[in-house]
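Okay, so here's the structure we're looking at.
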There are 2 protein chains.
Amino acid sequence: MSDLLERLRGRGFRLTAQRRVVAEVLDGDHVHYTADEVLARATARLPEISRATVYNTLGELVALGEVLEVSTDGRAKRYDPNAHSAHQHLVCSRCGSIRDVRPEGDLLSTLPEGERFGFRVSGAEVTYRGICPDCAERRGK
Amino acid sequence: MSDLLERLRGRGFRLTAQRRVVAEVLDGDHVHYTADEVLARATARLPEISRATVYNTLGELVALGEVLEVSTDGRAKRYDPNAHSAHQHLVCSRCGSIRDVRPEGDLLSTLPEGERFGFRVSGAEVTYRGICPDCAERRGK
DNA sequence: GACTACATTAGACACAGTCCAAGTCAAGAT
DNA sequence: ATCTTGACTTGGACTGTGTCTAATGTAGTC
């Protein structure tokens, strides 16, 4: 994520303190924060940062393909910095925690021609659902 | 969908005019209305029906497993009456229209053990994306 | 160091959905 | 057929998530 700021500048974006802290917050594996979580973490480092700027910056990063937008629950969108390696998501049905996963095989090929309704099909996203180890332990069964 | 009302009554639900019109609106293949679209169509048949009742009824139908909740775009949830036959969704990236589709093969088996992070995995949803015939024709390429 | 176009800010606004107190009514009891 | 009652419906207030705007600030260039 560190060279992300360089890539931004290369595309004509100004390097501001706000963009830097948003990029810093979105660093790591299995990171899937909501915009408000990003705002909270960014505020800890740069108290004056505003909500609008966080939304703006997240939108820019998504448009540039540096960050993925994920909506696994119909509530707030989540932002996934792991955009340069194709992956899907495994979500805990109890606590909502998310892991990045790599299925095997070609997803697109699972949709037969007779089920394509004339669409030019170009992509597929999978959300696997289950119970995470923590929840399984805490609530048994 | 017609016997749905009987099933509801069998489960102790009162048969009201409001529930009837919501059930009627949610009838057909490839139907995926938002709550507001359901409200609009229900209002055409029963002008006094309220937004809260539409949301209540949709929630009941979902809880009973008679209707599926689908969120393909992070905006309003959509309601899919085709709940008794397993299927996935094919969504047009331009106009958002949705078709019900049946992939072949077992989705769960595409996630290798080493990618399960200790989760007990129980389900998977796929959203295929592409361009529908109408949009392909209208906007070329 | 000054300039200026791009970026940030606070707050108003919009949309999707939930909650509540009061009134209404379906369906069983009589 | 009417009564009774608890479930159902209603309108409106409220919450959470996200967008827009006008005014102000500032990164990068000269």
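The sequence lines fix the lettering, A, B, ..., with proteins before strands; numbering per chain opens at 1.
Judged purely by atom type and a 3.5 angstrom limit, A:S71 has no side-chain atom pairing as donor or acceptor with the backbone of A:G74.
Within a 6.0 Å sphere centred on CZ of B:R75, other residues, nucleotides and ligands contribute 12 heavy atoms or fewer. Counting heavy atoms of neighbouring residues, nucleotides and ligands inside a 6.0 Å radius, atom CG of A:D106 exceeds 12 of them.
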A correct 5'-to-3' footprint of nucleotides 12-19 of chain D, with B, S and - meaning base, sugar-phosphate only and no protein heavy atom under 4.0 Å, is ----SSBB

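Annotation: side chain to side chain donor-acceptor pair (under 3.5 Å) contacts of B:T53 (sequence neighbours excluded): B:S50.
A cation-pi geometry, defined here as NZ or CZ lying under 6.0 Å from the six-membered ring centre and within 45° of its normal, holds between A:R41 and A:Y33.
The side-chain heavy atoms of B:T34 and B:E37, taken from C-beta on, include a pair separated by under 4.5 Å.
Between A:H32 atom NE2 and A:L68 atom CG the span is 9.0 Å, to the nearest 0.5 Å. Rounding to the nearest 0.5 angstrom, the gap separating the CZ atom in B:R94 from the CG atom in B:D134 is 12.0 Å.
Here C:dG17 presents its P atom at 12 Å from CG of B:L39, a figure rounded to the nearest Å. Atom CG in A:L61 sits roughly 14 Å away from atom C1' in C:dA7 (whole-Å rounding). Atom CG of B:N56 is separated from atom P of D:dG11 by 13 Å (rounded to the nearest Å). To the nearest angstrom, P of C:dA7 lies 15 Å from CG of A:L58. Taking atom CG on A:L46 and atom P on D:dG25, their separation rounds to 16 Å, with Å as the unit. In this structure, the CD1 atom of A:I49 is 15 Å from the C1' atom of D:dT26, given to the nearest Å. Protein atom CG of A:L8 is 11 Å distant from nucleotide atom P of D:dG28, rounded to whole Å. Atom CD in B:E48 sits about 9 Å away from atom P in D:dG11, given to the nearest Å.
At the phosphate of C:dT8, neither OP1 nor OP2 sits under 4.0 Å from any side-chain N or O atom of A:S50.
Between A:E66 and A:R11 a salt bridge is recorded (basic side-chain N to carboxylate O distance below 4.0 Å).
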Protein-nucleotides 23-30 of chain C N/O pairs closer than 3.5 Å?
residue, atom, partner, partner atom, Å
C:dA27, OP1, B:L15, N, 3.0

